[in-house]
Amino acid sequence: KLFQDSDSTEHDYHKLIAEHPAFFFQQEYQVVSKPELGSEHQADFVIAADQMSAGIHYRFIEIESPDAVAYTASGNPSARLTHAIQQVMDWKRWIKSNRGQYKKLFPSNYLGVQEFDNLSYCIYIGRRDQSPRLTALRNEFAKEVGIGIRSFDSLLDRLRDFGFWDLVTPPGSEGDDLDIVTRNRLGNPFLKAYSWRAWKDMVLKGEFDCAHFVARNATALLKHRSENSNLRRFQRIWKGLSEAKRKVYLSMVRDSC
């Protein structure tokens, strides 16, 4: 409903996603809200994906509006998209010029190694109702500039097509060694995105392990995240179920172990 409300703002979209990152991105991803690149730049989100021994892949995200078009009817990038592209290009330049500072804030084993690229960028703008011709132009433009350009409908696809896991097993043997309670907490779909302060607090302490980072840092990751209010609603619904229904559900979870 929010994405279809023309009175909503980018702040509204950001707040919704920051409160429910697992609803829009993969459940095992670690999502940071409002990451900063020095004092000059701020992205809407960065997603940290576990790449096992290769470290962490970071995807920086710019949120525009579902009401904005990516391409005009004449076949040119819209002013809104052009501005978003410029913002991302500014991020790229800052990272290139401030490699040392960047590596501290976004650690990853293979940062700077030519054969492994641990960075990507994505802009969410508009809806999927543009013509196939304009969508093809958008996709070609995205390849040329090296920045993903997606519609807000791609965020909604996850809500329609994907469920949640009771247990998350991070990649690598360390993930198999985590106890069931920790794996369940990592899979909690009601976890908010990390605040920028919380993420810095965690990675700058010098005890953050980049390889197999979700399993090896599970305690710290959970410590620095908080739950949104829907968790309490879910718990009330759970308590309202009959004992028989709860037993059936819990047996399904145990079987999935």
Side-chain angles (χ1 to χ4, degrees), residues 1-26 29 31-49 57-98 102 106 114 116-162 193 196:
K1 287 181 179 179
L2 186 71
F3 288 171
Q4 294 170 348
D5 181 1
S6 58
D7 293 329
S8 299
T9 65
E10 289 176 38
H11 172 76
D12 298 321
Y13 309 134
H14 179 275
K15 182 179 179 181
L16 177 69
I17 296 170
E19 289 275 325
H20 309 85
F23 287 16
F24 300 99
F25 306 113
Q26 289 190 29
Y29 284 177
V31 182
V32 185
S33 174
K34 297 292 186 182
E36 296 175 6
L37 297 172
S39 58
E40 304 97 327
H41 308 293
Q42 185 182 69
D44 283 310
F45 297 99
V46 64
I47 297 175
H57 180 98
Y58 293 101
R59 177 156 47 112
F60 287 85
I61 291 177
E62 172 70 13
I63 297 290
E64 289 296 319
S65 168
D67 290 327
V69 296
Y71 259 68
T72 65
S74 58
N76 295 309
S78 68
R80 192 75 172 264
L81 177 59
T82 301
H83 176 71
I85 292 286
Q86 183 59 56
Q87 283 184 293
V88 177
M89 297 304 292
D90 288 342
W91 302 346
K92 288 187 174 186
R93 283 189 284 271
W94 186 92
I95 291 170
K96 186 176 180 180
S97 301
N98 298 272
Y102 174 82
F106 304 97
Q114 186 176 2
F116 183 82
D117 181 10
N118 81 322
L119 281 170
S120 63
Y121 308 87
C122 188
I123 296 167
Y124 287 94
I125 182 171
R127 303 302 295 262
R128 201 177 278 150
D129 53 7
Q130 289 208 297
S131 70
R133 180 180 72 89
L134 295 180
T135 300
L137 287 172
R138 183 204 72 181
N139 293 341
E140 186 63 30
F141 183 50
K143 289 180 183 178
E144 290 174 359
V145 296
I147 300 169
I149 305 172
R150 306 293 303 277
S151 72
F152 272 73
D153 294 286
S154 65
L155 291 173
L156 295 174
D157 286 345
R158 176 179 167 80
L159 290 174
R160 298 187 183 100
D161 304 334
F162 193 80
W196 178 230

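Since the model is a prediction, treat every value here as computed from it, not as a measurement.
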### Audit row: Ile61, Arg150, side chain to side chain contact (heavy atoms under 4.5 Å, CB included) steps and yes/no
CA-CA 10 Å; Ile61 291 177; Arg150 306 293 303 277; over 6 Å; no

### Task
Of all the heavy-atom pairs spanning Val32 and Trp196, show the shortest one and how long it is.
CG1-CE3, 4.0 Å

### Message
If you compare all heavy atoms of Asp153 against all heavy atoms of Arg160, which two are closest, and at what distance to 0.1 Å?
### Response
O-NH1, 4.4 Å

#### Entry: Set of ring pair (Phe, Tyr, Trp, His ring centres under 6.0 Å) partners for Tyr13, sequence neighbours left out
Phe3, Phe152

### Task
Walk me through it: do Lys34 and Asp44 pass the test side chain to side chain contact (heavy atoms under 4.5 Å, CB included)?
CA-CA 5 Å; Lys34 297 292 186 182; Asp44 283 310; 3.4 Å; yes

### Query
If every non-hydrogen atom of Ser65 is compared with every non-hydrogen atom of Arg80, which pair is closest and at what distance?
CB-NH2, 3.6 Å

### Task
Please tell me if the side chains of Val69 and Leu134 come closer than 4.5 Å, counting only heavy atoms from C-beta onward.
no

### Task
Taking all non-hydrogen atoms of both residues into account, name the closest pair between Pro35 and Phe106 and its distance.
CB-CZ, 4.1 Å

### Query
Is the backbone N or O of Ala193 less than 3.5 Å from a side-chain atom of Ser33, with the two atoms forming a donor-acceptor pair by type?
no

Donor-acceptor pairs under 3.5 angstrom involving side-chain atoms of residues 83-93: please list them, not counting sequence neighbours.
residue, atom, partner, partner atom, Å
Gln86, NE2, Asp90, OD1, 3.2
Asp90, OD1, Arg93, NH2, 2.6
Trp91, NE1, Gln87, O, 3.4
Lys92, NZ, Val145, O, 3.2

### Message
Are Phe24 and Tyr124 an aromatic pair, judged by ring center distance below 6.0 Å?
### Response
no

### Query
What is the distance from atom CG of Asn98 to atom CD of Glu40, rounded to the nearest 0.5 Å?
7.0 Å

#### Entry: Heavy-atom pair of closest approach, residues Ala70 and Ile125
CB-CG2, 4.1 Å

### Side-chain donor-acceptor pair present, Asp12, Thr9, cut-off under 3.5 Å
yes

